[in-house]
Amino acid sequence: MSETAPKKIHLLSSEVVDQIAAGEVVERPAHLVKELVENALDAGATSIEVEFDQGGRRVRVTDDGRGIAPDELRLALARHATSKIASADDLWNLHSFGFRGEALASIAAVSRLTLQSRPHNAKSACKVVCEFGRIGESEPTGGNPGTTVLIEELFANVPARLKFMKSEAGETAQIKNTLKALALANETVEFRLRTKGKLEHLWPRAETFLERAKQILSAERLYEAKMNYEGFCAEAVFAGPHEVTGNARSILVFVQKRFVQDRGLQAAVIDAFRGLLMHGEFPIAVVRLSAPTDEVDVNIHPTKSQVKFRDSQPAFRAVNRALREALEKAPWLEKKVAPAVVMPYPSAEPATKKLSVADLTRRYEAEPTKSNLAPESSTPPSFETAPVNSVGRFEAPEFNAVVLKQKHDGVTNSVPSNADAATSPVDRSATAPAPKLGPWSRLQVLGQAHLTYILAQDEDRLVLVDQHAAHERVAYEKLMRAWSEGQIDVQTLLIPLTVDLEPDGAEALVSIADELEKLGVVIDQVGPQSVALRAKPAMIKDAALAKVLSGLAREIVERGGSFVLEKKVSDICATMACHSVVRAGQALSQEQMKSLLAQMDEFPLSSFCPHGRPVSVDYPFAKLERDFGRIV
Ligand code: ADP
Ligand code: MG
């Protein structure tokens, strides 16, 4: 037993209370910059300038907003003093960034803060200085309409916090990122950033989100996406899968114009890029979500860097679908190929003679199924021998653009020009101008290189297409389509295959048995941790399927929900596609190559294989000419 008497309880002095609160709101200079800029935005500013040095220990934020009345200047620095809400109900109908009335008080507790303001109808400005929590008297001063807040000697009275500050460079980077985020959310406001007096960034007022994103993001080409889903409106600006980064930091998410850290929405972005990125690659995307005000709680974190949705599902869907739909249109293909290509060579007379690779012609003329050059020719998944529509309707390994089109008529209308490419019999004499070919069919096939790449050209570049990756993509898209239409070639197993799963795995799989059946996967529960596989898609190997199923079960147990399934279907189809298509090392005829390209036009996303590897590589003639020293 302790001998000492209980310790005395007492109320903390307001000074200590302020410092504790300051620790929450202004942990780092970047947080302070965020609070001050948000105040300027709340005041309706059209132009905001941020100037800082010493890694943010000295910051000045100037705005042209509506200002503060002289008799309220001192009150603005008091804790819980705000002009933005009056009652708790207002928290559910917020239209401002601020509402807690804490930022100025917290910052003033740990710095020397000068607040100067002039409402637009006032003749002159007033200012008040607060020294580490001690508010001085307000006095008149000169100045433009609007408000300026100057912070000096940040954290001078809390040495412990000073120690936690990162290097000057680290804090500077953080402040810049914060400002970028604020600017991305508020394109109609002009932003200026000065460091040590030097103007570093000027982002003029922009008309659109895309225009602002172009001012700030360093991606070469950016595209737009938008989606309304159950009252949730998601808009996004993103770079194509050609421009990626190695971490998720280039995915910026805003909810109600607030920059937030939300793993769920970040996952929604990453998932939209499924099948387009390689392992370890992350997209560049800025997403802005506006939700009905009563669907989202922004008051769960002192720095408001997190939000909570009443139901996160529609938020996720809005973001995910906005991006996915935009990606499925593959906007990067549009401008890559000039609309009217006049081929310099008639492709009926293959231009392979012009190539210096001697055996290219021989290989390319070789009869595909008889080729003994193909290392995997023992069981070649060639177009002739592949199962064609015998039982089900899956015809991935078959290169018949005509059949493909008939079967899926009306599905491809998102890319009108492709329908034409596919209905016309495979272009047998490319000399005849085909007016509305898709970007891939429009290429002139020159030959096959290394039994792996289709060599083609258009008017301004050489294009190498990875035949396996291309075919895999086409097969994958067809499978996904067959799945969504409920048409998959199914093989019943005479002896059911037992698949072992982790705890609760069987129940998880059984819960989605109907969906699996649509994929041609029929299972029965035979134990808590095992299922029997009774039927499977004809195209996939047992072992590969067992692996996919156990992974699927694990994910449902961990994360639940139908979204998991949608993603997994994609994984299953990718695996199936990979096992069913033409390999590298297999000779292809001119017709087969053209047919493959024509099929790629069926699916706009076909510039990436389902594992995210690029399907084609370009060599612009301009580059060749530079390499040959023809031009400098
Ligand atoms: P909050 O933003 O949560 O209301 P703050 O402590 O950040 O709390 O600001 C207190 C009040 O001071 C605000 O409600 C607003 O009325 C006023 N204020 C602060 N900054 C500005 C500014 N830049 N322009 C006009 N008014 C401001
Ligand atoms: Mg505020």
Side-chain angles (χ1 to χ4, degrees), residues 14 17-27 29-52 59-88 90-111 113-122 125-130 133 135 138 141 143-151 154 178-179 182 185-186 189-192 256-259 297-305:
S14 66
V17 170
D18 282 353
Q19 282 201 16
I20 292 172
E24 286 183 346
V25 181
V26 282
E27 202 185 323
H31 296 151
L32 163 169
V33 170
K34 172 175 169 289
E35 292 293 337
L36 297 182
V37 172
E38 286 185 347
N39 277 348
L41 290 165
D42 282 343
T46 63
S47 175
I48 299 172
E49 178 170 300
V50 176
E51 188 191 334
F52 71 92
V59 177
R60 187 204 315 261
V61 177
T62 307
D63 69 58
D64 64 352
R66 67 180 72 92
I68 303 171
D71 58 341
E72 288 185 354
L73 270 187
R74 299 186 77 232
L75 186 59
L77 298 177
R79 185 164 301 283
H80 307 308
T82 180
S83 57
K84 297 170 193 176
I85 59 168
S87 70
D90 294 344
L91 284 174
W92 291 96
N93 190 20
L94 277 176
H95 296 283
S96 56
F97 289 109
F99 56 83
R100 299 168 67 110
E102 280 183 322
L104 289 183
S106 298
I107 300 166
V110 291
S111 71
L113 184 152
T114 308
L115 174 63
Q116 172 178 329
S117 193
R118 176 178 156 194
H120 284 246
N121 59 5
C126 261
K127 75 168 181 184
V128 56
V129 179
C130 180
I135 306 177
S138 72
T141 177
N144 293 329
T147 304
T148 298
V149 183
L150 171 67
I151 313 294
L154 180 68
T178 301
L179 212 62
L182 287 159
N186 299 278
V189 178
E190 175 188 85
F191 283 84
R192 286 164 200 271
Q256 321 293 60
K257 294 204 159 201
R258 291 172 199 280
F259 176 53
D297 187 354
V298 295
N299 189 25
I300 60 166
H301 197 269
T303 63
K304 308 176 200 109
S305 62

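Reckoned from all heavy atoms, side chains included, excluding hydrogens, waters and symmetry mates. Remember, it's 1-based here, ligands and their atoms both numbered in the order they're listed.
- We find the CG-CD1 distance between Asn39 and Ile107 to be 7.5 Å, quoted to the nearest 0.5 Å.
- Contact between Ala185 and Lys257 at its shortest, heavy atoms only, is O-NZ, 3.3 Å.
- Near Gly98, with a cut-off below 4.0 Å to any heavy atom, the atoms of ligand 1 are 2 (O), 3 (O).
- Nearest non-hydrogen protein atom to atom 15 (C) of ligand 1 is Ser83 OG, 3.5 Å.
- Polar contact with ligand 1: present for Asp63 (N/O pair, distance under 3.5 Å).
- Close approach to Arg100 involves these atoms of ligand 1, each under 4.0 Å from a residue heavy atom: 3 (O).
- With ligand atoms numbered from 1 in the order given, ligand 1 contributes 10 (C), 12 (O) to contacts under 4.0 Å with heavy atoms of Ala76.
- Of all protein heavy atoms, the one closest to atom 3 (O) of ligand 1 is Gly101 N, 2.8 Å.
- Within the structure, ligand 1 has Ala81 among the residues with a heavy atom less than 4.0 angstrom away.
- In plain terms, the two heavy atoms of Ala45 and Asp63 that are nearest each other are CB-CB, 3.7 Å.
- Between Cys130 and Leu115 there is no side-chain heavy-atom pair separated by less than 4.5 Å.
- Checked by atom type and distance alone, the side chain of Arg66 pairs as donor or acceptor with a backbone atom of Asp42 at under 3.5 Å.
- If you take CG on Asp90 and NZ on Lys84, they are separated by 13.5 Å, rounding to the nearest 0.5 Å.
- Neither the backbone nor the side chain of Phe97 has a heavy atom within less than 4.0 Å of ligand 1.
- You'll find the side chain of Arg258 stays beyond 4.5 Å of the side chain of Ser305, heavy atoms only.
- Rounded to the nearest 0.5 angstrom, Arg74 CZ and Ile135 CD1 are separated by 6.0 Å.
- Atom CD of Glu38 and atom CG of Asn186 lie 8.5 Å apart (nearest 0.5 Å).
- Checking Asn39 against the Mg ion (ligand 2), an N/O/S atom falls under the 2.8 Å cut-off.
- Counting only heavy atoms of the protein, atom 21 (C) of ligand 1 lies nearest to Asn39 CB, 3.9 Å.
- Looking at Ile68, Leu104, Leu75, Thr82, it is Leu104 that brings a heavy atom closest to atom 9 (O) of ligand 1.
- Note that the CD1 atom of Ile68 and the CG atom of Leu104 stand 7.0 Å from one another [nearest 0.5 Å].
- For the pair Lys84 and ligand 1, a heavy-atom separation below 4.0 Å is found.
- Atoms of ligand 1 lying under 4.0 Å from any heavy atom of Gly67, numbered from 1 in the order shown and given with element: 25 (C).
- Distances between N or O atoms of Leu36 and those of ligand 1 include no value under 3.5 Å.
- You'll find the side chain of Ile48 reaches within 4.5 Å of the side chain of Leu41, heavy atoms only.
- For the pair Arg66 and ligand 1, no heavy-atom separation below 4.0 Å is found.
- Atoms of ligand 1 lying under 4.0 Å from any heavy atom of Ala43, numbered from 1 in the order shown and given with element: 24 (N), 25 (C).
- Close approach of ligand 1 to Glu102 (heavy-atom distance below 4.0 Å) involves ligand atoms 6 (O), 8 (O).
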